Protein chains: 2
Amino acid sequence: MLHQPAQLDLMFQALADPTRRLMVERLCDGPASVSELAAPLAMTLSAVVQHLAVLEESGLIRSQKQGRVRTCHVETQALRAAERWISERRMVWERRFDRLGAYLAENPEEPDEGNPT
Amino acid sequence: MLHQPAQLDLMFQALADPTRRLMVERLCDGPASVSELAAPLAMTLSAVVQHLAVLEESGLIRSQKQGRVRTCHVETQALRAAERWISERRMVWERRFDRLGAYLAENPEEPDEGNPT
DNA sequence: AGGATACTTAAGCGCATGCTTCACCAACCG
DNA sequence: CGGTTGGTGAAGCATGCGCTTAAGTATCCT
């Protein structure tokens with residue numbers, strides 16, 4: 001329920017990178033260690049860890065360390081927050097679109113006189 | 001990461017800025033001119049125009065100029081693309097979650113033996 | 001015509017991002 | 001034990017981002 005703009009910033013920022021989206025996609029299939037995540041990527045482990053830090057900071061994933069292995073998993077709550085923002089926008093837009101349609105249906109071919117709202 | 005600029009990259013990048021999200025929210029209520037969009041924002045017109053360029057580049061909005069006024073509106077197709085990526089992730093995750101639940105129901109209290117898939 | 005309005009373009013500045021390398025530590029394994 | 005594996009942390013570097021100022025251009029109004 002928390003409508004934190006800062007959180008959305010971090011979320012969308014995190015999703016804006018193709019490498020990080022790949023990681024999220026991989027983690028949606030199930031948990032993975034850092035080096036498992038790094039394996040298919042053409043960059044150093046260091047870079048991968050930095051991407052993971054961004055993802056974790058954004059709330060999109062979490063991880064815990066056991067022995068020397070850090071295991072990561074998606075935090076779907078966060079993903080839902082991003083999805084919610086978008087679908088809310090879509091609903092607002094669709095509502096307006098419907099009003100516009102109704103207006104045009106009731107005032108066919110009339111010269112434009114401003115916003116029907 | 002010098003890959004070709006994927007549309008999702010540009011989209012999420014565009015949405016990662018609170019000012020740009022505000023503009024999108026405003027435009028979901030209906031079209032607006034550049035200075036109408038700029039009015040509530042504590043920055044120069046120049047900065048607003050640059051934000052607009054990012055949004056337009058990402059496909060989230062479009063604009064056309066008539067006389068000296070540029071009118072902007074949302075392009076909801078693009079918004080749907082972002083929404084789709086997220087909801088696909090969620091579905092993958094939920095499917096896995098269901099499988100895991102089924103596995104645990106059939107193998108109660110067993111020691112972990114790897115992925116149920 | 002002269003002035004106001006609505007952008008447009010370019011240059012620049014400070015900070016953030018995405019990577020690298022190198023040095024390091026801690027856990028596991030034969 | 002000593003070597004390999006899995007990860008951590010800091011420094012550095014090139015590029016990108018968000019903003020500014022400043023100087024245009026084109027359109028509309030009187």
Side-chain angles (χ1 to χ4, degrees), chain A residues 5-24 26-27 30-73 112 114, chain B residues 1-27 31-73 112 114:
Chain A
Q7 200 62 18
L8 278 180
D9 290 18
L10 296 175
M11 198 102 67
F12 284 127
Q13 181 64 53
L15 292 176
D17 185 283
T19 300
R20 287 195 292 260
R21 281 201 309 278
L22 247 187
M23 291 178 177
V24 170
R26 167 63 187 82
L27 289 175
S33 72
V34 175
S35 24
E36 279 168 357
L37 284 171
L41 302 173
M43 66 183 69
T44 64
L45 228 204
S46 247
V48 171
V49 168
Q50 285 168 68
H51 279 303
L52 280 174
V54 172
L55 285 168
E56 196 148 10
E57 184 72 16
S58 79
L60 280 167
I61 75 162
R62 290 216 190 144
S63 70
Q64 55 262 333
K65 199 165 181 178
Q66 192 167 350
R68 56 184 172 168
V69 177
R70 175 171 300 279
T71 303
C72 312
H73 58 93
D112 193 26
Chain B
M1 185 87 10
L2 294 177
H3 290 160
Q4 61 174 353
Q7 202 63 10
L8 275 182
D9 290 23
L10 297 174
M11 197 101 69
F12 284 127
Q13 182 64 57
L15 292 176
D17 184 282
T19 301
R20 287 194 292 260
R21 281 201 308 280
L22 247 186
M23 289 178 178
V24 170
E25 289 177 10
R26 167 63 188 82
L27 288 175
S33 71
V34 175
S35 26
E36 278 167 358
L37 284 171
L41 302 173
M43 66 183 69
T44 64
L45 227 204
S46 247
V48 171
V49 169
Q50 287 168 67
H51 279 303
L52 242 25
V54 172
L55 285 168
E56 196 149 10
E57 184 73 16
S58 79
L60 280 166
I61 75 164
R62 289 217 189 143
S63 69
Q64 54 262 331
K65 198 162 182 179
Q66 191 166 351
R68 58 185 169 166
V69 177
R70 176 172 298 278
T71 303
C72 312
H73 59 91
D112 194 25

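In what follows, chains are A, B, ... by sequence order, proteins preceding strands, each numbered from 1. If you're wondering where the values come from, they're calculated on a predicted model, not measured in any experiment.
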Side-chain contact check for A/Arg68: nearest option of D/dT27, C/dT20, D/dT5 is D/dT5
Distance, rounded to the nearest Å, where A/Asp9 contributes CG and C/dT17 contributes P:
11 Å
So, is B/Lys65 close to the C/dT8 phosphate, meaning a side-chain N or O under 4.0 Å from OP1 or OP2?
yes
Measure from the side chain of A/Arg20, starting at C-beta and using heavy atoms only, and say which of C/dT8, C/dG18, D/dG18 lies closest.
C/dG18
Taking atom C1' of C/dT20 as reference, at what distance in whole Å does atom NE2 of A/His51 sit?
12 Å
Any A/Leu10 side-chain heavy atom under 4.5 Å of A/Gln7 side chain:
yes
Side-chain donor-acceptor pair present, B/Glu56, B/Ser63, cut-off under 3.5 Å
yes
What integer distance in Å separates A/Phe12:CZ from D/dC17:P?
18 Å
Would you say A/Glu57 has more than 12 foreign heavy atoms packed within less than 6.0 Å of its CD?
no
Could you check which of C/dT20, D/dG7, D/dG18 has an atom nearest any side-chain atom of A/Met43?
C/dT20
Rounding to an integer number of Å, can you tell me how far B/Gln66 CD sits from D/dA26 P?
18 Å
What does B/Ser33 touch in the nucleic acid at a heavy-atom separation under 4.0 angstrom: a base, only the sugar-phosphate, or nothing?
sugar-phosphate
Check whether any side-chain heavy atom of A/Leu15 sits under 4.5 Å from a side-chain heavy atom of A/Leu60, and report yes or no.
yes
Looking only at side-chain atoms of A/Ser46, point me to the closest of C/dC19, C/dC28, D/dA10.
D/dA10
What's the CG-P distance between B/Leu22 and D/dG18, to the nearest Å?
15 Å
Between A/Ala47 and A/Gly67, who's closer to the 5' end of DNA chain C by nearest nucleotide?
A/Ala47
Whole angstrom is fine here: how far is it from CG in B/Leu55 over to P in D/dC17?
13 Å
Nucleotide nearest B/Asp17 when distance is taken to its side chain, options D/dG18, C/dG18, C/dC7:
D/dG18
Quick one: does A/Arg70's side chain have a donor or acceptor within less than 3.5 Å of a partner on A/Val34's backbone?
no
Using whole Å, what does the distance between atom P of nucleotide C/dT8 and atom CD of B/Gln64 come to?
12 Å
Proximal nucleotide (of C/dT8, C/dT20, D/dT20) relative to the A/Gln50 side chain
C/dT20
Separation of D/dT15 P from B/Gln13 CD (nearest whole Å)
18 Å
Kindly point out which of D/dC19, D/dG7, C/dA6 is positioned nearest to the side chain of B/Ser35?
C/dA6
Report which part of the nucleic acid A/Thr44 touches: base, sugar-phosphate, or nothing (heavy-atom distance under 4.0 Å, all strands).
base
